[in-house]
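One structure is given below, encoded as structure tokens.
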Amino acid sequence: MDPRSSSAFSSFSCSSCSSLLVLLLLGTAGFFPSCAVEVEVKDASNATCLYAKWMMKFLIKYETNSSDYKNTTLDLLSDVTHNGSVCGSDTQAALLAVQFGEGHSWSANFTRNNETYQGDFITFTYNTNDTAVFPDAKRKGPITIVLKDTMDPVQLNDVFVCHSTEFLEAENVTQIFWNVTVQPFVQNGTISKKESRCRADTPTSAPTVLPTAANVTTASTTLSPAPTTAPKPVENPDTGNYFLKNGNETCLLATVGLQLNISQDKPHLININPKTTRADGTCGNTTATLKLNDGNSTLIAFTFVVRNASAGAQKYHLKEVNVTLLNSLNGSVISTADNNNFSKWDAFLGTSYMCRKEQTLEVNEVLQIHTFNLWIQPFLVKDNKFSAAEECFADSDLNFLIPIAVGMALGFLIILVFISYLIGRRKSRTGYQSV
Ligand SMILES: *[C@@H]1O[C@H](CO)[C@@H](O)[C@H](O)[C@H]1NC(C)=O
Ligand SMILES: *[C@@H]1O[C@H](CO)[C@@H](O)[C@H](O)[C@H]1NC(C)=O
Ligand SMILES: *[C@@H]1O[C@H](CO)[C@@H](O)[C@H](O)[C@H]1NC(C)=O
Ligand SMILES: *[C@@H]1O[C@H](CO)[C@@H](O)[C@H](O)[C@H]1NC(C)=O
Ligand SMILES: *[C@@H]1O[C@H](CO)[C@@H](O)[C@H](O)[C@H]1NC(C)=O
Ligand SMILES: *[C@@H]1O[C@H](CO)[C@@H](O)[C@H](O)[C@H]1NC(C)=O
Ligand SMILES: *[C@@H]1O[C@H](CO)[C@@H](O)[C@H](O)[C@H]1NC(C)=O
Ligand SMILES: *[C@@H]1O[C@H](CO)[C@@H](O)[C@H](O)[C@H]1NC(C)=O
Ligand SMILES: *[C@@H]1O[C@H](CO)[C@@H](O)[C@H](O)[C@H]1NC(C)=O
């Protein structure tokens with residue numbers, strides 16, 4: 001059976017358009033005034049083979065007839081058809097194709113193998129003859145851009161769901177997608193109940209590409225969450241247990257939950273997942289480095305040094321933290337942050353350092369690391385166990401005594417002032433009487 005001989009049905013649900021109208025009348029147009037597109041493609045036996053429902057809009061920069069550039073937005077407001085959508089098979093790509101407005105079209109093709117499916121290419125054609133969108137375009141006519149889809153492979157027979165907003169930038173166009181549900185290669189005509197969520201919807205894992213100034217012109221930038229929803233609070237990270245060995249002997253021990261706070265463009269919290277994080281590094285007598293590698297997207301290196309403290313005693317402290325963010329798809333470096341001027345986590349050589357409360361390491365202006373349940377010993381580990389711990393000030397129960405002590409001192413001072421006032425009055429009175 002030719003998979004192309006598919007009958008198809010598409011619907012265009014515009015529930016959000018009526019509210020858009022209200023918003024426009026109120027003069028507070030929402031940032032995303034688009035409608036959901038729903039496409040269901042059926043095969044020759046009338047069974048659903050491709051299903052998709054999603055929201056999208058386009059930001060397009062174009063040259064005007066006065067030779068400057070303007071930005072415009074193209075929304076899917078009406079007249080959506082899906083001519084040319086194809087079910088696909090083992091050997092043929094599935095194709096999701098829609099046409100809308102005055103000669104604009106968008107399509108994505110998907111390939112499969114035995115276990116997974118994956119987006120292949122996205123093709124977008126916009127027509128600058130559409131005077132409503134491009135009133136003063138210098139060049140009139142269709143312009144087509146093609147870009148590689150950056151979607152991760154999805155388990156075959158899972159439905160891919162992504163509520164977060166995804167931006168794809170290429171040439172002069174930013175394509176924005178949100179509330180995406182898609183399943184190509186549907187089995188037995190039934191949309192799966194098993195969802196595969198995008199990374200941006202699962203805030204504890206690192207996004208594919210972090211927003212940095214350097215990559216705004218290409219690739220998928222996962223700027224979650226959608227502008228209409230408030231940022232999701234991130235839970236505290238899981239605590240990981242890491243160690244380094246020197247031969248058979250453990251030489252460094254670390255227990256810590258780690259969270260990155262990247263505040264480029266928007267604050268962005270990333271929890272380091274201990275299950276996918278490997279430790280390596282170097283032990284030494286005066287310097288030790290613990291390197292943590294989270295799923296090939298984040299490298300964090302902690303360097304400790306030993307110094308001579310007073311009375312011949314030796315102490316150690318955290319000296320340097322170096323964070324490298326990698327593109328998890330191809331391993332290229334997105335950004336690095338380094339600070340070798342720390343003097344934190346200070347303890348005597350031969351002891352461990354503990355701080356259960358949250359602490360912040362300011363690596364640079366845009367990157368902070370929050371630590372939780374910290375217990376570390378970078379030097380002189382004996383019998384694979386932590387030695388006696390020096391606890392950080394934040395942990396000690398003496399903390400709550402401080403306000404009490406301050407209050408008591410203030411009260412004492414007030415009493416003192418009052419007494420000296422009384423004494424002073426009595427003295428001056430006796431002074432008057434003697435006159
Ligand atoms: C396909 O199914 C729909 C209802 O699910 C029905 O209305 C339609 O007639 C069927 N088409 C064919 C070709 O069987
Ligand atoms: C168009 O948008 C781009 C990217 O958002 C921006 O850098 C540029 O300044 C904008 N141009 C105009 C004319 O608004
Ligand atoms: C496909 O496109 C043509 C015009 O190009 C249109 O007449 C036709 O109705 C469309 N078919 C469907 C199923 O949307
Ligand atoms: C998907 O579409 C692109 C652009 O039209 C094309 O180059 C590519 O060969 C297609 N992929 C497959 C597997 O057919
Ligand atoms: C540019 O196009 C607009 C709209 O068509 C027109 O009103 C305007 O006169 C044109 N300007 C020039 C310099 O051609
Ligand atoms: C589709 O149907 C076949 C036979 O009825 C069954 O073996 C298979 O597990 C079904 N696949 C899915 C994904 O439901
Ligand atoms: C890795 O991917 C990013 C974005 O997709 C791209 O900008 C970069 O050039 C790639 N690097 C390598 C080494 O392929
Ligand atoms: C993240 O860092 C920014 C800038 O340094 C700061 O304003 C913000 O409060 C931090 N967020 C958290 C949760 O610590
Ligand atoms: C930080 O770590 C990266 C990757 O391990 C390394 O290439 C870079 O040289 C380090 N920077 C400093 C200042 O140590």
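When a ligand or atom number is given, it counts from 1 through the structure's own listing order. The structure displayed is predicted, hence computed values, not measured ones. The analysis underlying the following values was restricted to heavy atoms, covering all of them including side chains, and did not include hydrogens, waters or symmetry mates.
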Atoms of ligand 4 under 4.0 Å from any heavy atom of Phe121, numbered from 1 in the order shown, are 2 (O), 3 (C)

For ligand 8, protein residues within the heavy-atom limit of under 4.0 Å are Asn261, Ser263, Gln368, His370

Q.
Parallel, tilted or perpendicular: which one describes the rings of Trp54 and Trp106, with boundaries at 30° and 60°?
A. tilted

Interatomic distance, OG1@Thr48 vs CG@Asn188, rounded to 0.5 Å, equals 11.0 Å

Margin query: Side chains of His268 and Asn261: any donor to acceptor distance under 3.5 Å?
Written below: no

If we number the atoms of ligand 4 from 1 as shown, the ones under 4.0 Å from a heavy atom of Ala93 are 12 (C), 13 (C), 14 (O)

(Q) Using a strict threshold of under 4.0 Å (side-chain N to carboxylate O), is an ion pair present between Arg356 and Glu391? (A) yes

Margin query: Using a 6.0 Å cut-off, check whether atom CZ of Phe185 has over 12 heavy atoms from anything other than its own residue.
Written below: yes

Is any N or O atom of Thr111, backbone or side chain, closer than 3.5 Å to an N or O atom of ligand 4?
no

Check: Would you call the rings of Trp345 and Tyr353 parallel, tilted or perpendicular if under 30° counts as parallel and over 60° as perpendicular?
Finding: parallel

- Message: Run the salt bridge (Lys or Arg N to Asp or Glu O under 4.0 Å) test on Lys70 and Asp136 for me, step by step, so that the C-alpha distance in whole Å, both residues' side-chain angles and the decisive distance to 0.1 Å come before the verdict.
- Response: CA-CA 9 Å; Lys70 258 193 195 167; Asp136 48 2; 2.8 Å; yes

In ligand 4, the atoms that come under 4.0 Å of a heavy atom of Asp120 are 1 (C), 10 (C), 11 (N), 12 (C), 13 (C)

By salt bridge (Lys or Arg N to Asp or Glu O under 4.0 Å), Glu195 pairs with (sequence neighbours left out) Arg197

